[in-house]
Engineer: 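Following this message is one structure expressed as structure tokens.
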Amino acid sequence: MSKNGSEPIKLVVTPGEPAGIGPDLAIATLTQTFNAQLLVIADPELLKERSQALGADITINDWSRTRCFVKGHLNVLPVALKRRCRAGVLDSDNASYVLETLEEAVRLCESQEFHGLVTGPVNKAIINQAGIAFSGHTEWLADRTDTEKVVMMLATPGLRVALATTHLPLRQVADAITGDLLIQTLTILDGELKEKFGVEQPVISVCGLNPHAGESGHLGREEIEIITPAIEQARNQGIDARGPLPADTAFTPAMLDGVDAVLAMYHDQGLPVLKHQGFGDAVNITLGLPVIRTSVDHGTALDLAGSGSANPHSLYTAIQYAEEMAARIT
């Protein structure tokens, strides 16, 4: 329920790549009880075909016609595939379908009909093969909502990791890290931890970029010239940012004690640690957007699509996070 208890939280779910396990996971939501009302944006025929492969008995409610949620039904806003889909087989013709489902989801959230968006996994390569520039949900959503800066954060029980840079080749990371970027990132992270996670005074550990946080400049000067000044500026603004810390010790239990989030400098500095700790029980959250967005912590798993072996727990977790975040601000 929303904070004032007057209405249920309503969430939009986009299954993502139709050839992957996203449709399987959407169907699996029928086996769980959520406080939120869920609307799946997908091709109904895809969902029916996948449910038959899974041996699942589902009834679809066309929400676009009824405009109401039917308990025990899979409530669906239909978007048609461009070409019939086979489980496990990618088709670039359906890349635009994936983005169309996202577009519909954002539209429903921007209209305030729905309180948040939960996304399934997409295949970036097949979207790019279709001639559509796409580096990930995070960047697409920022562009779609005209948001200057967003922050990618993954969370699992006991650990939250935010990223200063997201989907960049490693050789581009150092040039991308600037004082302004870090100040923006820390400001968004601090504000969202307060507003959407209920952390009154967030403590944020900031990793260095280089081994041993630069070893006093002997292994790189980014910590001295960029990261430390940005941390000091953030602290002057009332943000409890600490570091820069060597990444190889920043995630030890003693260093995480009392810390609400860790800011890593790049994707594979922070996320391997988080996924090692909580894979399947983690959620990807985009901070700084005008809409709530959470996502699964895994990929499309083409080899599992339609097999009944996909683990839906990360989607369940993403739904629960989105509901809790929405309830705090609604």
Side-chain angles (χ1 to χ4, degrees), residues 1-2 7-81 84-88 97-98 101-102 104-105 108-109 113-122 280-284 292-302 304-327:
M1 298 292 288
S2 60
E7 61 174 325
I9 298 298
K10 295 189 292 184
L11 302 175
V12 186
V13 178
T14 56
E17 169 54 50
I21 62 172
D24 306 38
L25 304 183
I27 292 165
T29 61
L30 284 174
T31 67
Q32 295 292 303
T33 300
F34 299 99
N35 292 324
Q37 295 177 334
L38 304 181
L39 177 67
V40 177
I41 303 183
D43 188 316
E45 293 306 313
L46 167 67
L47 297 171
K48 290 176 184 176
E49 290 177 3
R50 193 62 62 85
S51 68
Q52 290 172 359
L54 296 170
D57 183 19
I58 68 169
T59 303
I60 289 178
N61 168 47
D62 184 344
W63 183 85
S64 68
R65 299 179 62 183
T66 65
R67 306 298 290 188
C68 68
F69 291 87
V70 180
K71 190 174 182 180
H73 289 44
L74 197 64
N75 296 285
V76 177
L77 175 62
V79 173
L81 284 165
R84 186 174 178 181
C85 175
R86 288 174 53 201
Y97 159 83
V98 172
T101 64
L102 285 171
E104 286 294 325
L108 288 171
C109 291
E113 288 184 77
F114 284 75
H115 300 97
L117 162 63
V118 181
T119 60
V122 297
D281 195 26
V283 58
N284 184 349
I292 288 171
R293 181 260 173 163
T294 66
S295 186
V296 296
D297 69 343
H298 55 73
T300 55
L302 295 170
L304 299 180
S307 71
S309 299
N311 185 345
H313 194 67
S314 182
L315 179 64
Y316 298 163
T317 304
I319 291 169
Q320 290 165 356
Y321 266 79
E323 180 182 357
E324 291 168 3
M325 292 166 67

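Note that these values count all heavy atoms, side chains included, but never hydrogens, waters or copies made by symmetry. Residue numbers count from 1 along this sequence.
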Engineer: Does the side chain of H115 come within less than 4.5 Å of I292's, by heavy atoms?
Structural biologist: no
Engineer: If the condition is salt bridge (charged side-chain N to carboxylate O under 4.0 Å, His left out), which residues does R65 pass it with, not counting sequence neighbours?
Structural biologist: none
Engineer: Taking only residues two or more places apart in sequence or in another chain, which ones pass side-chain hydrogen bond (donor to acceptor under 3.5 Å, both in side chains) with E113?
Structural biologist: R67, S111
Engineer: Just to verify, what does R50 make a salt bridge (charged side-chain N to carboxylate O under 4.0 Å, His left out) with, not counting sequence neighbours?
Structural biologist: D24
Engineer: Tell me every residue that passes side-chain contact (heavy atoms from CB on, under 4.5 Å) with S314, counting only those two or more places apart in sequence or in another chain.
Structural biologist: V296, D297, H298
Engineer: Distance from T31 atom OG1 to I58 atom CD1, nearest 0.5 Å?
Structural biologist: 12.0 Å
Engineer: Where is the tightest heavy-atom contact between V98 and G16, given as atom of each residue plus distance?
Structural biologist: CG2-O, 3.9 Å
Engineer: Not counting sequence neighbours, which residues clear side-chain hydrogen bond (donor to acceptor under 3.5 Å, both in side chains) with T33? List them please.
Structural biologist: none
Engineer: By the salt bridge (Lys or Arg N to Asp or Glu O under 4.0 Å) test, which pairs, at least two apart or in different chains, include something from residues 37-46?
Structural biologist: E45-K48
Engineer: Are R293 and N284 packed together at the side-chain level, in the sense that at least one heavy-atom pair is separated by less than 4.5 angstrom?
Structural biologist: yes
Engineer: With sequence neighbours left out, write down each residue that passes side-chain contact (heavy atoms from CB on, under 4.5 Å) with Q52, or none if nothing qualifies.
Structural biologist: none
Engineer: For I27 and S51, which heavy atoms make the closest approach, and how far apart are they?
Structural biologist: CD1-N, 3.6 Å
Engineer: How long is the straight-line distance from CG of L117 back to SG of C109, given to the nearest 0.5 Å?
Structural biologist: 5.5 Å
Engineer: If the condition is salt bridge (charged side-chain N to carboxylate O under 4.0 Å, His left out), which residues does R84 pass it with, not counting sequence neighbours?
Structural biologist: E49
Engineer: Just to verify, what does N75 make a side-chain hydrogen bond (donor to acceptor under 3.5 Å, both in side chains) with, not counting sequence neighbours?
Structural biologist: N61
Engineer: Not counting sequence neighbours, which residues clear side-chain contact (heavy atoms from CB on, under 4.5 Å) with A42? List them please.
Structural biologist: P15, V40, L47, Y97
Engineer: Taking atom CG of L46 and atom CZ of R86, what is their separation to the nearest 0.5 Å?
Structural biologist: 14.0 Å
Engineer: Where is the tightest heavy-atom contact between L54 and G308, given as atom of each residue plus distance?
Structural biologist: CD2-N, 3.3 Å
Engineer: Rounded to the nearest 0.5 Å, what separation is found between the CD1 atom of I41 and the OG1 atom of T119?
Structural biologist: 11.5 Å
Engineer: Rounded to the nearest 0.5 Å, how far does CG of L102 lie from OG1 of T14?
Structural biologist: 4.5 Å
Engineer: What are the two closest non-hydrogen atoms of E323 and L11, and how far apart are they?
Structural biologist: N-CD1, 4.0 Å
Engineer: Looking only at heavy atoms, which two atoms of P312 and L25 are closest? And how far apart?
Structural biologist: CA-CD2, 3.6 Å
Engineer: Check whether any side-chain heavy atom of L39 lies under 4.5 Å from a side-chain heavy atom of F69, and answer yes or no.
Structural biologist: yes
Engineer: My understanding is that only residues two or more places apart in sequence, or in another chain, count here; which of them pass side-chain contact (heavy atoms from CB on, under 4.5 Å) with S64?
Structural biologist: D62, L77, P78
Engineer: What are the two closest non-hydrogen atoms of A305 and A19, and how far apart are they?
Structural biologist: CB-O, 3.2 Å
Engineer: With sequence neighbours excluded, what pairs up with Y321 under the ring-ring contact (aromatic ring centres under 6.0 Å, His included) test?
Structural biologist: none
Engineer: Which value, rounded to the nearest 0.5 Å, describes the distance between L74 atom CG and T29 atom OG1?
Structural biologist: 5.5 Å
Engineer: Please examine the side chains of T294 and M325, heavy atoms only from C-beta on, and report whether any two atoms are closer than 4.5 Å.
Structural biologist: yes
